[in-house]
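Sequence positions, counted from 1, serve as the residue numbers for this chain.
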Amino acid sequence: MSGRKQFDEASILDCAMRQFWEKGYTATSLADLEMATGLNKSSIYNTFKSKEGLYARCIERFRTEYTRGALAKLDHPDFKTALSRFFDVLLAGFDDPSCPNGCIATMGALEMGDKNNIVSGLISNGLEEMLVYIEQRCLKAIEDKQLDAKMDCSELAAMILAVTRGVVVLNMGTGNANTGRKAYDCVLSFISL
């Protein structure tokens, strides 16, 4: 039947995401994507409109499959435990063979810079979503008397997000997750009533 997709889109996105994750957006060629996904060029363009469109869908899938799962760890009732579990999920990504370079969104932000395109917008929206989620969790910690009421939750959320993104960059540069663990332990030591 012509005109109908004959493939599992989730599997295609996973294969493409891995390719982008391993090589980065710029270094990944259309030929690489054809080989990784098993789709031909016309199928890629018919389904995703462009290489950038495919990359954007991969970023969205990462956000729904990985980032939201990590953020869900913040729902634990004890704030320090919630943060510790959130950090553990992020650190586990460094040892997970399905996550070749830590965080595809952080890699994308570094590679895409401040370009005004769909991918940069998605990355920005994802970071904003994380920031809001973390800030809301900090506010709940104050409400539950697990965090000093004088704490500026906006500032704390920004620091937590900055540290998590910095740890990804450190790991990419050094290949050493121990530095990230030390950074996360330091953040946890600052959290007190």
Side-chain angles (χ1 to χ4, degrees), residues 2-74 86 89-90 92-94 96-137 154 157-173 180:
S2 64
R4 298 186 74 166
K5 286 190 256 183
Q6 302 288 322
F7 55 84
D8 176 27
E9 193 170 298
S11 294
I12 296 300
L13 290 173
D14 288 342
C15 292
M17 183 166 40
R18 181 159 186 95
Q19 190 66 38
F20 286 126
W21 219 331
E22 288 176 353
K23 293 182 82 172
Y25 175 78
T26 304
T28 299
S29 69
L30 205 46
D32 292 331
L33 293 169
E34 287 177 292
M35 184 169 293
T37 64
L39 296 178
N40 62 35
K41 182 177 171 180
S42 64
S43 292
I44 292 171
Y45 276 94
N46 287 335
T47 305
F48 303 103
K49 310 297 183 225
S50 64
K51 175 182 157 183
E52 181 184 36
L54 177 54
Y55 189 57
R57 290 290 301 281
C58 289
I59 295 292
E60 287 177 32
R61 183 158 173 79
F62 178 79
R63 201 163 116 199
T64 59
E65 297 296 317
Y66 180 78
T67 305
R68 289 191 180 141
L71 288 173
K73 296 297 183 184
L74 292 172
F86 175 62
V89 168
L90 299 178
F94 299 137
D96 184 346
S98 69
C99 302
N101 287 311
C103 177
I104 192 172
T106 300
M107 286 177 52
L110 292 169
E111 188 173 5
M112 302 304 254
D114 63 356
K115 295 178 185 172
N116 187 16
N117 60 42
I118 190 169
V119 175
S120 295
L122 286 170
I123 292 168
S124 177
N125 290 343
L127 290 171
E128 184 61 32
E129 177 185 2
M130 289 179 73
L131 191 60
V132 168
Y133 202 99
I134 295 167
E135 183 175 351
Q136 292 300 314
R137 183 59 185 92
S154 175
M159 193 236 349
I160 290 169
L161 184 61
V163 169
T164 65
R165 299 310 81 207
V167 165
V168 171
V169 174
L170 280 171
N171 188 69
M172 287 170 59

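- Once rounded to the nearest 0.5 Å, the distance linking CG of L127 with CZ of R63 reads 9.5 Å.
- Within the model, atoms CD of E52 and CD1 of I59 stand 11.0 Å from one another, a figure rounded to the nearest 0.5 Å.
- In this structure, the side chains of Y55 and F48 stay at 4.5 Å or more apart for every pair of heavy atoms.
- Taking each heavy atom of L30 and Y45 in turn, the nearest pair found is CD2-CE1, 3.3 Å.
- Distance OG1/T37 to CG/D14: 12.0 Å, rounded to 0.5 Å.
- By the 6.0 Å contact criterion, CE on M159 is enclosed, its count of non-hydrogen atoms from other residues, nucleotides or ligands being greater than 12.
- No hydrogens or angles considered: a donor-acceptor pair under 3.5 Å links the side chains of D32 and S29.
- Nearest heavy atom pair, residue Y66 against residue L90, reads OH-CA, 3.7 Å.
- Scored by the side chain to side chain contact (heavy atoms under 4.5 Å, CB included) test, A36 finds Q19 as partners (sequence neighbours excluded).
- To the nearest 0.5 Å, the span separating CE on M17 from CG on L54 amounts to 10.5 Å.
- Using a distance-only test at 3.5 Å, with no hydrogens or angles considered, a donor-acceptor pair links the side chain of T164 to the main chain of L161.
- With rounding to the nearest 0.5 Å, the separation of CD1 in I123 from CZ in F62 is 10.5 Å.
- Summarising the geometry of L33 relative to A16, their closest heavy-atom pair is CD2-CB, 4.1 Å, with the distance given to 0.1 Å.
- Inter-residue side-chain proximity for R57 and R61 is flagged as unmet; no heavy-atom pair is nearer than 4.5 Å.
- Using cut-offs of 30° and 60° on the angle between ring planes, the pair Y25 and F20 is parallel.
- There is a side-chain donor-acceptor pair under 3.5 Å between S43 and N40.
- Smallest separation of non-hydrogen atoms from R137 and L74: NE-O, 2.6 Å.
- Summarising the geometry of A70 relative to V89, their closest heavy-atom pair is CB-CG1, 3.7 Å, with the distance given to 0.1 Å.
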- [ ] Check the pair V132, Q136 against side chain to side chain contact (heavy atoms under 4.5 Å, CB included), reporting the backbone distance first and the verdict last.
- [x] CA-CA 6 Å; V132 168; Q136 292 300 314; 4.3 Å; yes

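- A distance of 6.5 Å separates OG of S154 from CG of L131, quoted to the nearest 0.5 Å.
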